[in-house]
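Hydrogens, waters and symmetry mates play no part in the numbers below; they use all other heavy atoms, side chains included. Because the structure is predicted, anything quoted here is derived from the model rather than measured.
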Amino acid sequence: MRVLFFHQVAESIGLEYLSAALAADGHEVGLVFDPGFRNHPYVDLGALSVLGPTWDEVLARVRGFRPDLVGVSVWTNLVGGLSHFARLVRERLGVPVVAGGVHATMLPRRTAEAGWADFVCVGEGEDVIRELARALERGESTETIPGLWTRRADGTVVEGPNRAARPELDALPFPDRELFRREGVAESALACNTLRGCPFRCTYCTNTALQDLHRERGVGKFLRRRSVPSVVSELVEAKARYRPRSIAFVDELFALDERWVEELAGPYRERVGLPFWGNAYPLLVSDRMLRALVAAGCTELAMGLEVGSERVNEAIRARPMPTTAVLDAARRIRAAGIRLYVDAIFGFPDETPADLWSTVELAAESRADAVKSFVFFPLPGTPLLRECVDRGLLTAEDEAAIEDGHGSYHGRSPLRYAHADLAFSLSRMLPVYVAAPRWLRPLLARLMRRPWGRLARFVHVASYPFFVDGAAVRDFAATVKVGAMFRLRALLGSESDSAERPLKPAGHSSAAARG
């Protein structure tokens with residue numbers, strides 16, 4: 001069975017896990033990567049679209065692989081491009097498409113009934129895609145595969161039985177990193193996932209919706225963590241093969257359990273020894289946790305400030321988050337010699353201009369090394385989206401547009417909200433404000449208090465390379481290079497014979513051996 005994944009914008013460790021699972025059963029797996037300049041969810045990159053491939057050029061590479069199945073992992077803000085691609089694959093090439101990811105999991109019926117996917121994976125997909133590939137290979141029915149929804153030829157959607165989540169993550173094959181690296185993507189930091197799930201219930205986060213889904217469907221424990229020996233073994237193998245400069249622990253919350261981090265510290269330092277990055281939560285940044293992180297080799301932590309107003313923070317997180325605790329955590333992280341990156345979000349319901357500005361002040365007072373700032377975007381399945389609809393801040397048409405992938409957390413707020421323009425302006429200019437010398441901030445503050453729109457967007461895009469971490473900049477530059485090379489090959493005609501020249505499948509020897 002030949003399975004081809006299509007993905008946009010950035011590396012997906014989820015697809016790498018799926019690729020390893022398929023390889024364990026002897027299937028050939030490939031990837032077509034598109035930088036997504038036409039519909040990038042993070043910044044407005046329309047001017048770079050000339051560097052990216054056209055849909056015809058993408059389809060030429062798909063045809064060259066001769067897939068029996070094509071898979072896409074769907075992010076809400078990428079639904080438009082992914083669904084268009086899937087329709088082309090089904091209509092022009094006659095190849096079935098399976099959709100997965102958080103968006104498909106939250107909206108399986110809508111995804112299936114839209115007509116661009118033949119199958120929808122609900123929840124974690126390693127076992128689902130193995131059973132789907134096996135059924136297609138044998139010509140068997142897919143309608144009883146747990147965790148899979150099937151769309152019949154007449155448009156009828158059949159919901160498969162629920163699938164229990166794997167209680168032990170150590171049994172999974174290590175992710176197939178070759179899948180993206182052979183495309184030239186993610187050449188700098190090496191991503192590693194040690195944990196699935198999140199212990200918290202922020203009303204704006206899809207993790208809350210996924211927790212509810214786990215409970216409603218009775219599919220098992222939501223929060224699970226791998227053992228230290230499993231994580232270290234994976235990284236030792238990946239370090240020897242790819243020689244990364246650093247490790248990025250991409251868990252929702254890496255700095256969660258002090259004892260687990262303490263157990264990791266010695267083996268990681270001795271056998272891996274690379275600087276690493278992870279996510280932290282302000283109320284869990286204890287001195288004991290910081291000592292363990294430093295002992296292991298942590299050089300950077302990301303922490304969500306989100307909002308400066310304690311009133312708003314309690315509403316969206318459903319628990320108090322004193323700004324004093326946030327600032328104390330930031331101070332102790334810096335004192336430990338760890339670089340601090342913070343996130344801020346503007347435009348939650350009921351935020352006043354004073355609330356919005358308090359977020360600016362909190363981010364500046366944190367003295368973070370870099371700031372990433374966003375506009376609140378209500379994601380499907382989250383409690384806060386439902387509240388916005390119930391309160392009239394979003395219409396039914398607005399909700400449908402969100403579910404179809406229109407908008408993003410880097411654009412203007414979709415809410416019917418009096419201060420949407422100000423929220424957008426502040427979100428775009430905050431990184432510059434935090435990085436600016438104190439004498440310049442009063443001038444910037446006067447500029448930021450006005451909704452500048454296009455000027456704010458320009459400032460954000462122009463300053464982005466200077467106010468994010470180096471690995472992100474290097475990987476973004478690699479993505480631009482991938483798009484440019486894809487386009488150049490097409491213009492020179494080197495893709496013209498792609499129907500006769502299949503893509504080289506990703507390498508899976510070690511993953512298959514563990515399967």
| request: Take F276 and F249 through the ring-ring contact (aromatic ring centres under 6.0 Å, His included) test and state the conclusion after the steps. | output: CA-CA 7 Å; F276 71 83; F249 289 110; 5.2 Å; yes
- request: Start with the C-alpha distance between N279 and D251, add both sets of side-chain angles, then the distance that settles side-chain hydrogen bond (donor to acceptor under 3.5 Å, both in side chains), and finish with yes or no.
  value: CA-CA 7 Å; N279 284 310; D251 310 319; over 6 Å; no
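Counted by atom type alone, T194 and R225 present one or more donor-acceptor pairs between their side chains at under 3.5 Å. Side-chain contact annotation: E387 with T203, donor-acceptor N/O pair under 3.5 Å absent. Looking at N207 and E252, their side chains do bring a donor and an acceptor atom within 3.5 Å of each other.
For the pair E399 (side chain) and L385 (backbone), a donor-acceptor distance under 3.5 Å is absent. Between the side chain of T359 and the main chain of G308, a donor-acceptor pair closer than 3.5 Å is present. Remark: the backbone N or O of D421 is not paired with any side-chain donor or acceptor of S425 at under 3.5 angstrom. With hydrogens and angles ignored, the 3.5 Å screen pairs no side-chain donor or acceptor of S19 with any backbone N or O of L15. Between the R224 side chain and the R166 main chain, a donor and an acceptor come within less than 3.5 Å of each other. A donor-acceptor pair under 3.5 Å is formed between the side chain of K239 and the backbone N or O of V272. At least one donor-acceptor pair under 3.5 Å links the side chain of R441 to the backbone N or O of V434. Counting only distance, with no hydrogens or angles, the side chain of R163 and the backbone of P146 share a donor-acceptor pair below 3.5 Å. In terms of modelled atom types and a separation under 3.5 Å, the side chain of D369 and the main chain of L340 share a donor-acceptor contact. A donor-acceptor pair under 3.5 Å is absent between the side-chain atoms of S230 and the main chain of R226, judged by distance alone.
Looking at heavy atoms from C-beta onward, F5 lies in side-chain contact with I129 at the 4.5 angstrom threshold. At a threshold of 4.5 Å between non-hydrogen side-chain atoms, the residues Y268 and E270 do not count as touching. Counting heavy atoms from C-beta outward, L253 and L195 have side chains that stay 4.5 Å or more apart. Counting heavy atoms from C-beta outward, L356 and F348 have side chains that stay 4.5 Å or more apart. A 4.5 Å side-chain heavy-atom check between W149 and V122 finds at least one atom pair inside the cut-off. The shortest side-chain heavy-atom distance between S233 and F174 falls under the 4.5 Å cut-off. Counting only heavy atoms from C-beta outward, the side chains of P320 and E310 never approach each other to under 4.5 Å. Contact annotation: the side chain of V74 never approaches that of T111 to less than 4.5 Å [non-hydrogen atoms, C-beta and beyond].
Smallest separation of non-hydrogen atoms from L274 and S246: CB-CA, 4.4 Å. Taking both residues in full, the closest heavy atoms of R391 and P349 are given as NH1-CB, 3.8 Å, listed atom of the first, atom of the second, then distance. Of all non-hydrogen atoms in L394 and P414, the two that sit nearest each other are CD2-O, 3.5 Å. When all heavy atoms of L305 and A363 are compared, the pair lying nearest together is CD1-CA, 3.6 Å.
A search for side-chain contact (heavy atoms from CB on, under 4.5 Å) contacts involving D355 returns S309, R311, V312, E351, T352, not counting sequence neighbours. When the ring-ring contact (aromatic ring centres under 6.0 Å, His included) test is applied to Y417, the partners found at least two apart in sequence or on another chain are H419.
Using a 30° and 60° split on the angle between ring planes, F33 and F180 fall in the perpendicular class, above 60°.
Classification of D287 and R291 as a salt-bridged pair fails, no side-chain N sitting under 4.0 Å from a carboxylate O. The pair K372-D343 fails the salt-bridge criterion, with no side-chain N (NZ, NE, NH1 or NH2) lying under 4.0 Å from an Asp/Glu carboxylate O. A salt bridge does not link E234 to R241: none of the charged side-chain nitrogens sits closer than 4.0 Å to a carboxylate oxygen. Ion pairing between R177 and E11 fails under the 4.0 Å rule for side-chain N and carboxylate O.
In this structure, the ring of Y204 has its center no less than 6.0 angstrom from the ring center of F376.
The environment of R269 atom CZ is dense: over 12 non-hydrogen atoms of other residues, nucleotides or ligands sit within 6.0 angstrom.
With respect to R331, the side chain to side chain contact (heavy atoms under 4.5 Å, CB included) criterion is satisfied by exactly one of L327, D328, I333: D328.
One distance of note links CD of Q211 with NZ of K221; it measures 12.0 Å at 0.5 Å rounding.
Cation-pi geometry between R181 and Y242 is met: the NZ or CZ atom falls under 6.0 Å from the ring centre, inside 45° of the normal.
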